[in-house]
Amino acid sequence: MSEKSMLERMSSGEWYGEKPDAELSEAFWRGKDLAWEFNQTRPSNRIRGREILRELLGRFGDGSNILAPLYVDYGANVLLGDRCFINHDAYFMDCAPISIGNDAFIGPHFKAYTAQHPLDAEERNSRIERALPITVGDSCWFGGNVTVLGGVTIGDGCVIGANSLVTKDIPAGSLAMGSPAQPVRKITEKDRVGLKGLFGLE
């Protein structure tokens, strides 16, 4: 069996980076260049913007929209579902897969950090790191300035309050907030605002 490439090791959560790697470098600069091109595109030119995002991201779901500026490490490890909205100044440190389900509402200044460095200074100075995936379920809403760390899973239907730092899994259907973020309570029928009859909704 052939030895894993540095790119394969990175994406699968293994320690990597102890030596220069041309494949990893090419993937990194490809993502940076495409993100730069997206950020230079006129916001009103939505057709061209979506073309770039489909080339940049591992998945750009139908009906989704991202507002510039957008920052990535690779882009190919960002998997975005359908009908998602991501506000200005999002950064996906996608050394490992960052999977976001359908119908996500993501506020401005969202950060998703997958990379981890050794705590020991000598090991850290050797420039090795690893990355752990981030998984977000369907129909989640993130307030402004939320940060999510690697290894975290956020269940369907969660609301994460503004300025929260998510370091651990959040169960489906939870309202969570704080630094570190903690589930405050479950979201229930009492949280419905009564849209029936408004805006043509039944």
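Starting from 1, each residue takes its place in the sequence as its number. Please read these numbers as outputs of a predicted model, since none were measured by experiment.
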Query raised in the report: How many angstroms lie between CD in Glu23 and CE in Met10, if you round to the nearest 0.5 Å?
Result: 9.0 Å
Query - side-chain contact (heavy atoms from CB on, under 4.5 Å) partner of Asn77, the single match among Ser11, Cys95, Pro133 - result: Ser11
Query raised in the report: Side chains of Phe92 and Tyr74: does their closest heavy-atom pair fall under 4.5 Å?
Result: no
Report task. Find the distance between SG (Cys158) and CZ (Phe142) and round it off to the nearest 0.5 Å. Result -> 8.0 Å
Name the atoms and distances for all side-chain donor-acceptor pairs under 3.5 Å in residues 98-109, with sequence neighbours left out.
| from | atom 1 | to | atom 2 | distance (Å) |
| --- | --- | --- | --- | --- |
| Asn102 | OD1 | Asp82 | N | 2.7 |
| Asp103 | OD1 | Arg83 | NE | 2.8 |
| Asp103 | OD2 | Arg83 | NH2 | 3.0 |
| His109 | ND1 | Asp89 | OD2 | 2.8 |

Query - Salt-bridge contact Glu55-Arg30 (side-chain N to carboxylate O under 4.0 Å) - result: no
Requested in this report: Using side-chain contact (heavy atoms from CB on, under 4.5 Å) as the criterion, point out the one residue from Leu175, Leu165, Val146, Thr147 that pairs with Ile160.
Outcome: Val146
**Report entry** Joint cluster assignment, Ile154 & Leu149, ILVMFWY side-chain distance < 4.5 Å
**Finding:** no
Query raised in the report: Hey, what do you get for CG (Asp62) to SG (Cys84), rounding to the nearest 0.5 Å?
Result: 11.0 Å
Query - CA sep, side-chain torsions, deciding dist, call: Arg54, Glu51, salt bridge (charged side-chain N to carboxylate O under 4.0 Å, His left out) - result: CA-CA 5 Å; Arg54 289 191 184 98; Glu51 288 175 351; over 6 Å; no
**Report entry** Identified side-chain hydrogen bond (donor to acceptor under 3.5 Å, both in side chains) partner of Tyr16 from the options Lys4, Arg127, Glu129
**Finding:** Glu129
Query raised in the report: Hey, what do you get for CG (Leu79) to CZ (Arg59), rounding to the nearest 0.5 Å?
Result: 8.5 Å
Requested in this report: Determine whether Phe38 and Trp29 fall in the same hydrophobic cluster, where Ile, Leu, Val, Met, Phe, Trp and Tyr are linked whenever their side-chain heavy atoms lie under 4.5 Å apart.
Outcome: no
Query raised in the report: Under a single-linkage definition using a 4.5 Å side-chain heavy-atom cutoff for Ile, Leu, Val, Met, Phe, Trp and Tyr, are Leu53 and Ile86 assigned to the same hydrophobic cluster?
Result: yes
Query - Side chain to side chain, Asp73 and Lys32, heavy atoms closer than 4.5 Å - result: yes
**Report entry** Hphob cluster co-occupancy, Met177 + Ile170, side-chain heavy atoms under 4.5 angstrom
**Finding:** no
Requested in this report: Would you check if Phe60 and Val78 make a side-chain contact, meaning some heavy-atom pair closer than 4.5 Å?
Outcome: no
Query raised in the report: Is Arg130 reaching over with its side chain to a backbone N or O of Gly13, donor-acceptor style, under 3.5 angstrom?
Result: no
Report task. May I ask you to check whether over 12 heavy atoms, not counting those of Arg46, lie within 6.0 Å of atom CZ? Result -> no
Requested in this report: Measure across Asp156 and Gly137 and return the closest heavy-atom pair with its distance rounded to 0.1 Å.
Outcome: OD1-CA, 3.2 Å
Query raised in the report: Just wondering, more than 12 heavy atoms not from Glu14 lying within 6.0 Å of its CD?
Result: yes
Query - Residue pair Asp94 / Ala76: nearest heavy atoms and the distance that separates them - result: OD2-N, 3.6 Å
Query raised in the report: Rounded to the nearest 0.5 Å, how far apart are NE2 of His117 and CD1 of Ile128?
Result: 10.5 Å
Query - Within one Ile-Leu-Val-Met-Phe-Trp-Tyr cluster: Ile66 and Ile52, side-chain cutoff 4.5 Å - result: yes
Query raised in the report: Side chains of Leu70 and Leu56: closer than 4.5 Å at any heavy-atom pair?
Result: yes
Query raised in the report: What is the ring orientation for Tyr91 with Tyr113, classed by angle as parallel under 30°, tilted 30 to 60°, or perpendicular over 60°?
Result: perpendicular
**Report entry** NZ (Lys186) with more than 12 external heavy atoms under 6.0 Å
**Finding:** yes
Query raised in the report: Nearest heavy-atom pair of Gly151 and Leu132: which atoms, and what distance?
Result: N-CB, 3.4 Å
Requested in this report: Compare every heavy atom of Gly49 with every heavy atom of Thr41, then report the nearest pair and how far apart it is.
Outcome: CG2-N, 4.2 Å
Requested in this report: Say whether, by atom type as modelled, one donor and one acceptor occur between the side chain of Ser64 and the main chain of Gly81 under 3.5 angstrom.
Outcome: yes
Report task. Can you measure from CG (Leu7) to OG (Ser12) and round to the nearest 0.5 angstrom? Result -> 9.5 Å
Report summary line: What one should report as the nearest heavy-atom pair of Ile187 and Gly157 is CD1-O, 3.6 Å
Query raised in the report: CD of Glu122: more than 12 outside heavy atoms within 6.0 angstrom?
Result: no
Query - Asp21 with Arg9: basic N within carboxylate O range, under 4.0 Å - result: no
Report task. For residues Met93 and Ala115, report the shortest heavy-atom separation together with the two atoms involved. Result -> SD-CB, 3.5 Å
Query - Side-chain donor or acceptor of Thr188 paired with backbone N/O of Lys190 under 3.5 Å - result: yes
